[in-house]
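Side chains included, hydrogens not; waters and symmetry mates left out as well; all remaining heavy atoms used.
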Amino acid sequence: MTKKVAVITGSGDGLGKGIAKRLAEDGFRVVLSDINVTTLQKTEQEFKQLGFDVTSFLGDVSKQIDQQNLVNHAVNAFGQVDVFINNAGIEEVAPILELTPDDLERILNINVKSVIYGTQAAAKQMIKQGSGGKIINACSIAGHESYELLGSYCASKHAVRSITHTSAKELAQHKITVNAYCPGVAPTKMWDRIDAGMVKYMGLKPGEALKKFSSGILLGRMQQPDDIANLVSFLASPNADYITGQAIISDGGIVFR
Ligand SMILES: NC(=O)C1=CN([C@@H]2O[C@H](COP(=O)(O)OP(=O)(O)OC[C@H]3O[C@@H](n4cnc5c(N)ncnc54)[C@H](O)[C@@H]3O)[C@@H](O)[C@H]2O)C=CC1
Ligand SMILES: CC(=O)C(C)=O
């Protein structure tokens, strides 16, 4: 049987890299994509050495043309797209009163418009293939709950949850499911930057904001890339065929919905 193809944006590093590795281990041919050429190439080499079927595409998720070219690249390399993961995202740490038009434009472009552009490119290809597909979006506990100093980020992730719902409703007729994963606190480079930003505004020492945020996790530890890869692996598998329009939290016990 032909191996399925999964495309993962923001997969040069962080949670996206962990997800891509898991999907390759699950038997997918994997298309890596990132805006950072250095981490993208490093991850591609690493994956090739592990014997994975992998290709990579340098692109900016906030550009509609790049998302279309990413799908074209996947089709040229592997012939099809079965799973598309809108993982790339950025943070912004600032009080609402200090958010600038440039800050807002950047986070909405990269976290919100990107998900629509990725969904458009992937769904059009999946409709053409005629055998359904799975679109999986990176949301967050910040898509269910709103946090101080993360106003624009939380708004962007609430928007991702809404886009997930609407896309699921519109694409079900094509047998395309759309779901989202909602991580909690994972100490990736994103959290290094959030911690640094919170230090600035809250008068804490480096590391203290991360500690504060993660101190209430019921399961007593921060999230690792494998924790979220476990959920995405399930959502990308036939075991999730009857699930659509859900934004599922995997946070060790922080937010309860
Ligand atoms: N780390 C955490 O605690 C949480 C992360 N998330 C979400 O998970 C996703 C991944 O987060 P992390 O791995 O922690 O972030 P990260 O910052 O460690 O990695 C993000 C990756 O996306 C890439 N990227 C950034 N802007 C891009 C663009 N315009 N086009 C293409 N690629 C771009 C980066 O180069 C990087 O490789 C994000 O959507 C984030 O909002 C959600 C909840 C918690
Ligand atoms: C980074 C993130 O998604 C948080 C703080 O929930």
Chemist: Check whether any side-chain N or O of Ser62 sits under 3.5 Å from a backbone N or O of Ser114 as a donor-acceptor pair, and report yes or no.
Modeler: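 Side chain of Ser62 to backbone of Ser114, a donor-acceptor pair under 3.5 Å: no, none is there.
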
Chemist: Is there a side-chain contact between Leu40 and Leu32 in this structure, where contact means two heavy atoms from C-beta onward sitting under 4.5 Å apart?
Modeler: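 A side-chain contact exists here, since the closest heavy-atom pair is under 4.5 Å.
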
Chemist: Has His73 got a side-chain atom pairing as donor or acceptor with Asn69's backbone, closer than 3.5 angstrom?
Modeler: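 A pair under 3.5 Å: no.
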
Chemist: How far apart are the C-alpha atoms of Asp195 and Phe213, what are their side-chain angles, what is the distance that settles it, and do they pass the side-chain contact (heavy atoms from CB on, under 4.5 Å) test?
Modeler: CA-CA 10 Å; Asp195 189 74; Phe213 235 86; over 6 Å; no

Chemist: Counting N and O atoms only, with roles assigned by atom type, does the side chain of Asn87 sit under 3.5 Å from a partner on the main chain of Ala138, one being a donor and the other an acceptor?
Modeler: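 No, Asn87 side chain to Ala138 backbone: no donor-acceptor pair under 3.5 Å.
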
Chemist: Hey, could you give me the CD/OG distance between Gln45 and Ser56, rounded to the nearest 0.5 Å?
Modeler: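 If I round to the nearest 0.5 Å, the distance is 8.5 Å.
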
Chemist: Given side chains that start at C-beta, do those of Glu145 and Ile254 come closer than 4.5 Å, heavy atoms only?
Modeler: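 Answer no - side chains too far apart.
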
Chemist: Between Thr9 and Gln67, is a side-chain contact (heavy atoms from CB on, under 4.5 Å) present by the stated rule, with each step listed?
Modeler: CA-CA 9 Å; Thr9 68; Gln67 296 279 46; 4.1 Å; yes

Chemist: Roughly how far, to the nearest 0.5 Å, is OG of Ser233 from CD1 of Ile19?
Modeler: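 Going from the CD1 atom of Ile19 to the OG atom of Ser233 covers 10.5 Å.
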
Chemist: Without swapping roles, check the side chain of Asp192 against the backbone of Pro187 for a donor-acceptor pair under 3.5 Å.
Modeler: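 No, the answer is negative, given that no donor and acceptor are paired below the 3.5 Å cut-off.
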
Chemist: Can you get from Ile243 to Val232 by hopping between Ile, Leu, Val, Met, Phe, Trp and Tyr side chains that sit under 4.5 Å apart?
Modeler: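 They do share one cluster, since a chain of ILVMFWY contacts under 4.5 Å joins Ile243 to Val232.
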
Chemist: Between Lys17 and Thr39, is there a side-chain heavy-atom distance shorter than 4.5 Å?
Modeler: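 With C-beta onward as the side chain, the pair stays apart.
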
Chemist: Got Leu50 and Lys21 here, is their nearest side-chain heavy-atom distance under 4.5 Å?
Modeler: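 Side chain of Leu50 against side chain of Lys21, heavy atoms only: contact under 4.5 Å found.
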
Chemist: With side-chain hydrogen bond (donor to acceptor under 3.5 Å, both in side chains) as the test, would you mind laying out the steps for Gln129 and Gln125 before giving the verdict?
Modeler: CA-CA 6 Å; Gln129 291 167 197; Gln125 176 60 30; 2.9 Å; yes

Chemist: Ile163 and Ile116: which non-hydrogen atoms are nearest, and at how many Å?
Modeler: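 Of all heavy-atom pairs spanning Ile163 and Ile116, the closest is CD1-CG1, 3.8 Å.
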
Chemist: If we ignore hydrogens and angles and just use 3.5 Å, is the side chain of Arg193 paired with the main-chain N or O of Glu91 as donor and acceptor?
Modeler: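 No; zero donor-acceptor contacts below 3.5 Å.
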
Chemist: Run the numbers on Glu98 and Tyr201 for side-chain hydrogen bond (donor to acceptor under 3.5 Å, both in side chains), then give the verdict.
Modeler: CA-CA 11 Å; Glu98 290 183 24; Tyr201 287 107; 3.1 Å; yes

Chemist: Give a yes or no on whether the backbone of Val112 and the side-chain of Ser156 come within a donor-acceptor separation of less than 3.5 Å.
Modeler: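 Not a single qualifying donor-acceptor pair exists.
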
Chemist: Flag yes if Val54 and Val81 sit in one hydrophobic cluster, no otherwise; membership is Ile, Leu, Val, Met, Phe, Trp, Tyr, and two members link when side-chain heavy atoms are under 4.5 Å apart.
Modeler: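 Different clusters.
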
Chemist: Does atom CZ of Phe256 have more than 12 heavy-atom neighbours from other groups under 6.0 Å away?
Modeler: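 Counting other residues, nucleotides and ligands, CZ of Phe256 exceeds 12 neighbours.
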
Chemist: So do the side chains of Lys42 and Thr38 get within less than 4.5 Å of each other, counting heavy atoms only?
Modeler: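 The answer is no, as the side chains (C-beta and beyond) never meet within the 4.5 Å cut-off.
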
Chemist: Would you check if Thr177 and Asp241 make a side-chain contact, meaning some heavy-atom pair closer than 4.5 Å?
Modeler: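 Not in contact.
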
Chemist: Using the rule that Ile, Leu, Val, Met, Phe, Trp and Tyr join whenever any side-chain heavy atoms are under 4.5 Å apart, tell me whether Leu58 and Val71 fall into a single cluster.
Modeler: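 Cluster IDs for Leu58 and Val71 differ.
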
Chemist: Can you name the nearest heavy-atom pair linking Leu235 to Ala180, along with the distance?
Modeler: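 Between these two residues, the closest heavy atoms are CD1-O, 4.2 Å.
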
Chemist: Whether Glu44 and Lys48 form a salt bridge (side-chain N of Lys/Arg under 4.0 Å from carboxylate O of Asp/Glu) is what I want to check.
Modeler: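 Salt bridge flag = yes for Glu44 with Lys48.
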
Chemist: Taking all atoms of both residues into account, what is the closest heavy-atom pair of Ile85 and Tyr181, and its distance?
Modeler: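 Answer, listing the atom of Ile85 first, then Tyr181: CG2-OH, 3.7 Å.
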
Chemist: Classify the ring geometry of Phe47 against Phe52: parallel below 30°, tilted from 30° to 60°, perpendicular beyond 60°.
Modeler: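 Correct class here is perpendicular.
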
Chemist: Step through the shown structure and confirm whether more than 12 heavy atoms of other residues, nucleotides or ligands are within 6.0 Å of CD on Glu46.
Modeler: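 Enclosed: over 12 neighbouring heavy atoms sit under 6.0 Å from CD of Glu46.
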
Chemist: Are the side chain of Asn179 and the backbone N or O of Gln246 linked by a donor-acceptor pair below 3.5 Å?
Modeler: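 Checked: pair present.
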
Chemist: Search all heavy atoms of Ala142 against all heavy atoms of Tyr153 and return the closest pair with its distance.
Modeler: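 In this case the closest contact between Ala142 and Tyr153 is CB-CE2, 3.7 Å.
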
Chemist: Just wondering, do Ile228 and Gln223 contact through their side chains at under 4.5 Å, heavy atoms?
Modeler: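 The answer is yes; the side chains approach within 4.5 Å.
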
Chemist: Is there a path of hydrophobic side-chain contacts, each under 4.5 Å between heavy atoms of I/L/V/M/F/W/Y residues, joining Tyr117 to Ile127?
Modeler: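 The answer is no; the residues belong to distinct hydrophobic clusters.
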
Chemist: Examine Val61 and Val75 and state if one hydrophobic cluster contains both, with Ile, Leu, Val, Met, Phe, Trp and Tyr joined whenever side-chain heavy atoms are less than 4.5 Å apart.
Modeler: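 Different hydrophobic clusters.
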
Chemist: How far apart are the closest heavy atoms of Ser11 and Asp34, and which atoms are they?
Modeler: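 Between these two residues, the closest heavy atoms are N-OD2, 3.4 Å.
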
Chemist: Do Leu150 and Met198 come within less than 4.5 Å of each other through their side chains, counting heavy atoms only?
Modeler: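 Yes; the side chains approach each other to less than 4.5 Å.
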
Chemist: Before you tell me yes or no, could you show the steps for Lys212 and Glu208 under salt bridge (Lys or Arg N to Asp or Glu O under 4.0 Å), namely the whole-Å CA-CA distance, both residues' side-chain angles and the distance that decides it to 0.1 Å?
Modeler: CA-CA 6 Å; Lys212 195 163 174 259; Glu208 282 185 352; over 6 Å; no

Chemist: Could you walk me through whether Asn86 and Ile135 satisfy the side-chain contact (heavy atoms from CB on, under 4.5 Å) test, starting with their C-alpha distance in whole Å, then the side-chain angles of each, then the deciding distance to 0.1 Å, before giving a yes or no?
Modeler: CA-CA 8 Å; Asn86 284 304; Ile135 295 173; 3.9 Å; yes

Chemist: For residues Lys134 and Met126, report the shortest heavy-atom separation together with the two atoms involved.
Modeler: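 In this case the closest contact between Lys134 and Met126 is O-CE, 3.6 Å.
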
